[in-house]
Amino acid sequence: MIARYPRKGVLVSLLITIVVLYLPVHQKFIVHAASDQTTLLERKTSLKANLDSILKDEALKGAVVGISIRSAETGEIFYSSNGDISLHPASNMKVLTAAAALETLGPDYQFSTEVRTDGKIKGHVLYGNLFLSGKGDPTLTKTDLNSFAKELKAKGINQVKGNLISDDNWYDDIRLSQDLNWSDESNPTGAQISALTLSPDSDYDAGTVLLEITPASKAGKRAEVKIIPSTDFVEIINKTRTGRPKEEENLLIERKHGTNQIKISGRIPLNAEALKSRVAVWEPAGYALDVFKHSLEENGIRLGKKIQMLNGVVPGNADLIAYKKSMPLKELIVPFMKLSNNGHGEVLAKEMGKFVCGEGTWEKGMQVIQKTVATFGVNETAILLRDGSGLSHKNLIPANELTQLLFAIQAKSWYPSFENSLPVAGEPGRLKGGTLRSRLTEAPVKGNVKAKTGSITGVSTLSGYITTQNGEKLVFAIMINNYLSPSVKSVEDRIVRALCTL
């Protein structure tokens with residue numbers, strides 16, 4: 001019988017098996033580690049090729065794109081393209097503001113609003129002034145003012161013989177951030193910032209009124225306009241017309257600069273659904289005081305015919321007769337981040353300035369945010385901060401610094417509140433999916449991307465966290481500046497899908 005020997009390939013395989021079986025434990029680890037490193041290298045190479053290809057999209061012609069991808073576990077950068085170039089973050093600035101606020105103020109921090117008097121109650125009459133004093137609460141609503149009125153009524157007050165006075169001196173009297181475009185003044189996104197302000201509904205767009213415009217019952221007649229909450233602080237000039245059923249809606253809503261005169265012109269079709277639009281008011285403290293006056297009267301508290309509506313400072317000896325605490329910060333940042341509420345960002349900036357430096361100003365607020373994010377490893381020399389919301393075209397931060405912040409804050413005790421505040425891809429509901437509820441709605445991205453959107457003219461951004469198909473968590477930032485295409489969100493979404501399938 002002729003002996004047959006194994007082929008060369010089989011011999012090699014047997015030899016490797018024998019060697020591995022008898023290797024010391026630490027040597028076996030080296031073999032596995034080398035294999036893992038090869039896999040990681042292959043993944044990085046594949047990711048780079050995929051993203052580099054996406055960045056050739058025609059929509060990005062002439063744009064500057066900064067991308068940073070990190071491991072959420074180690075902080076290691078997987079991919080970076082222009083990651084160290086300082087770019088405009090748009091509403092991704094809110095990531096810095098929210099993180100700084102949670103770190104500085106704490107997740108349980110609350111704002112307050114007070115009702116005080118310098119007078120005395122005799123019988124059922126309050127002889128003296130009634131003060132409505134605000135300390136920054138952007139969630140104050142008509143319902144809260146009604147509650148104040150009911151508290152006064154419960155104390156036996158049926159009449160006030162004095163003036164109604166608003167006090168918004170908790171912050172400075174600069175109402176608009178330094179880089180706000182003048183054309184944004186009447187938009188809810190550019191509402192004035194005051195320590196005493198009012199929101200028309202649970203979206204908490206503080207410093208705005210909600211207009212509800214309904215077509216008349218007959219074509220040719222003026223539409224009906226309802227102000228929510230009801231107030232005499234704004235004046236409506238109704239130049240509308242109810243059009244025929246098939247005519248297009250072309251309503252125009254304008255607020256005259258320096259006034260609360262709101263002109264509504266154009267056409268709304270017959271049988272159309274009511275159109276709702278928010279308009280920012282001029283001097284929010286006066287607006288809140290006027291609605292408070294309505295609440296007092298609606299609850300049976302009579303006011304003198306010669307009553308004056310004033311703005312002033314609560315005297316030190318004034319008695320507290322009613323107050324309200326806001327929801328805690330960990331709850332407030334949900335509408336702030338999910339709905340990208342600009343007013344909340346600016347209020348938080350001023351509140352941090354007041355809390356840390358004793359001055360409720362943008363200047364001090366920016367200083368606090370900058371110093372705080374530096375403790376998360378963000379390079380102070382690479383960033384420029386001008387507001388708390390991201391409306392400014394002068395805010396600057398590199399993508400790598402943004403992912404550094406997002407990576408570092410995972411170690412904070414308040415991080416679950418921060419993560420919970422981020423919009424969730426494809427999830428329905430304004431306070432769950434937020435600004436991502438209509439994007440990335442398919443598997444595997446749906447529900448696996450938690451990120452902050454951002455958009456101002458020529459700028460689109462997206463940053464946050466992704467869970468890949470393999471269960472790995474990544475930190476990412478996509479910052480697109482100077483684009484001229486109608487939209488680049490589809491490019492952002494392609495990048496996110498590539499990361500999810502990594």
Side-chain angles (χ1 to χ4, degrees), residues 89-95 97-99 101-102 107 111 137-144 184 187-191 197-213 226-229 253 272-280 326-348 388-391 416-443 445-456 460-467 487 489-490 492-493 496:
S91 281
N92 276 206
M93 177 63 206
K94 294 181 175 72
V95 170
T97 302
L102 286 166
F111 296 87
D137 184 3
T139 69
L140 191 70
T141 65
K142 164 71 170 170
T143 301
D144 299 317
D184 287 333
N187 295 331
T189 54
T197 189
L198 194 68
S199 297
D201 56 23
S202 58
D203 275 5
Y204 304 118
D205 284 306
T208 72
V209 290
L210 178 62
L211 302 182
E212 190 174 272
I213 306 168
K226 181 180 179 181
I227 306 172
I228 303 171
I253 302 172
E273 291 186 3
L275 183 144
K276 295 183 179 181
S277 180
R278 292 177 176 83
V279 180
S326 74
M327 63 182 73
L329 180 59
K330 61 189 175 186
E331 295 178 19
L332 174 61
I333 63 168
V334 172
F336 170 40
M337 297 287 275
K338 299 275 191 185
L339 305 180
S340 203
N341 191 307
N342 291 332
H344 293 181
E346 309 308 353
V347 164
L348 288 172
S389 67
L391 268 180
S417 296
F418 175 86
E419 187 179 40
N420 180 60
S421 75
L422 293 172
V424 183
E427 293 292 344
R430 290 168 57 74
L431 293 180
K432 186 169 184 182
T435 53
L436 279 179
R437 62 187 181 277
S438 300
R439 291 173 63 181
L440 301 163
T441 57
E442 76 286 353
V445 284
K446 181 180 178 181
N448 287 321
V449 181
K450 298 179 180 180
K452 184 71 197 74
T453 57
S455 181
I456 53 178
S460 187
T461 54
L462 187 67
S463 66
Y465 307 93
I466 289 175
T467 302
S487 175
K489 286 182 170 50
S490 62
E492 294 172 354
D493 292 353
V496 168

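Here the structure is a predicted model, which is why all the values come from computation and not from measurement.
- Counting heavy atoms from C-beta on, the side chains of D201 and I228 never come closer than 4.5 Å.
- Between V347 and T197 the shortest side-chain heavy-atom distance does not fall below 4.5 Å.
- Here K226 contributes atom NZ and K276 contributes atom NZ; the two are 8.5 Å apart, rounded to the nearest 0.5 Å.
- The shortest heavy-atom contact between P335 and L431 is CA-CD2, 4.1 Å.
- Of all non-hydrogen atoms in I333 and L102, the two that sit nearest each other are CD1-CD1, 3.8 Å.
- Going from atom OG of S487 over to atom CD of E492 covers 7.5 Å, rounded to the nearest 0.5 Å.
- Proximity of a side-chain donor or acceptor of K338 to a complementary backbone N or O of L422 within less than 3.5 Å is detected.
- Side-chain polar atoms of T435 and S340 form no donor-acceptor pair below 3.5 angstrom.
- Remark: the backbone N or O of P89 is paired with a side-chain donor or acceptor of T461 at under 3.5 angstrom.
- Across A90 and S455, no two heavy atoms sit closer than the pair CB-N, 3.5 Å.
- Between L436 and R439, some side-chain heavy-atom pair lies under the 4.5 Å cut-off.
- In this structure, the side chain of N341 engages the main chain of Y204 through a donor-acceptor pair within 3.5 Å.
- Summarising the geometry of K330 relative to S417, their closest heavy-atom pair is CB-OG, 3.6 Å, with the distance given to 0.1 Å.
- Take F418 and apply the ring-ring contact (aromatic ring centres under 6.0 Å, His included) test, not counting sequence neighbours, and it matches no residue.
- Inspection of the K450 and N420 side chains reveals no N or O donor paired with an N or O acceptor under 3.5 Å.
- Rounded to the nearest 0.5 angstrom, N342 CG and T189 OG1 are separated by 6.0 Å.
- Between R430 atom CZ and D203 atom CG the span is 4.0 Å, to the nearest 0.5 Å.
- A side chain to side chain contact (heavy atoms under 4.5 Å, CB included) with L198 is found for one member of L140, T208, D205, D137 and no other, namely L140.
- The only member of K94, E346, H344 that meets side-chain hydrogen bond (donor to acceptor under 3.5 Å, both in side chains) when paired with S389 is E346.
- The environment of E442 atom CD is dense: over 12 non-hydrogen atoms of other residues, nucleotides or ligands sit within 6.0 angstrom.
- Considering only heavy atoms from C-beta on, L332 stays 4.5 Å or farther from S326 through its side chain.
- Interatomic distance, OG1 of T97 versus CG of L348, reported as 7.5 Å (0.5 Å rounding).
- You'll find the side chain of P138 reaches within 4.5 Å of the side chain of F111, heavy atoms only.
- Note that CG of L211 and CZ of R278 are 10.5 Å apart. Values are rounded to the nearest 0.5 Å.
- For P229 against K142, the heavy-atom pair with the smallest separation is CB-CB, 4.1 Å.
- Taking each heavy atom of P423 and G433 in turn, the nearest pair found is CB-O, 3.2 Å.
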